[in-house]
Amino acid sequence: MRTRRVPLTDRVEAFAKRVSEDVTVFDTRDYPLEGISPEFRGLLAPLVLDTVLSRVSKHLERVRDHSLDLRRYYRVMEY
């Protein structure tokens, strides 16, 4: 399976590393999706990632007592 880097993804990762020392990158390649053919993996991978990130986001909101609807850095610093 061919992988390619997306400039927006690189920008987001670089920004996260500038504002935090604790950065976790989620990649759908880390999820085997057994039984799903490579032909359809590209269609399903975004759904898997959305599900995983939704769960992580809810957890972070609770642990940090901060709604992710409130942006701390929006228009405060350059992304």
Side-chain angles (χ1 to χ4, degrees):
M1 183 158 90
R2 195 181 80 152
T3 26
R4 65 176 190 188
R5 296 294 297 189
V6 178
L8 179 58
T9 304
D10 293 339
R11 246 179 68 209
V12 170
E13 186 176 343
F15 170 76
K17 289 179 178 177
R18 275 199 331 258
V19 298
S20 177
E21 294 178 5
D22 187 14
V23 175
T24 302
V25 176
F26 291 87
D27 192 326
T28 56
R29 289 178 291 187
D30 298 333
Y31 300 89
L33 301 183
E34 294 175 17
I36 304 298
S37 71
E39 177 185 6
F40 294 109
R41 184 179 173 87
L43 296 172
L44 292 175
L47 298 173
V48 171
L49 194 56
D50 181 62
T51 301
V52 170
L53 293 178
S54 179
R55 297 284 299 169
V56 170
S57 294
K58 290 297 176 191
H59 174 73
L60 289 175
E61 282 183 326
R62 193 171 340 117
V63 169
R64 295 178 177 170
D65 194 29
H66 177 81
S67 170
L68 292 179
D69 290 330
L70 302 173
R71 297 181 182 189
R72 295 179 180 177
Y73 304 106
Y74 183 64
R75 294 190 180 189
V76 174
M77 59 190 306
E78 188 175 331
Y79 292 91

*Asks:* How does the hydrophobic cluster around F26 look, that is, which other residues are in it when side-chain heavy atoms under 4.5 Å mark a link?
*Replies:* Y31, L33, I36, F40, L43, L44, L47, V48, L49, V52, L53, V56, L60

*Asks:* Taking all non-hydrogen atoms of both residues, which atom of T28 and which atom of A45 are closest, and how far apart?
*Replies:* CG2-O, 3.4 Å

*Asks:* Show the nearest heavy-atom pair for residues R29 and R41, with the distance to one decimal.
*Replies:* CA-NH2, 3.6 Å

*Asks:* As an exercise, state the distance from CZ of R18 to CD of E13, rounded to the nearest 0.5 Å.
*Replies:*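 Taking CZ in R18 and CD in E13, the distance rounds to 12.5 Å.
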
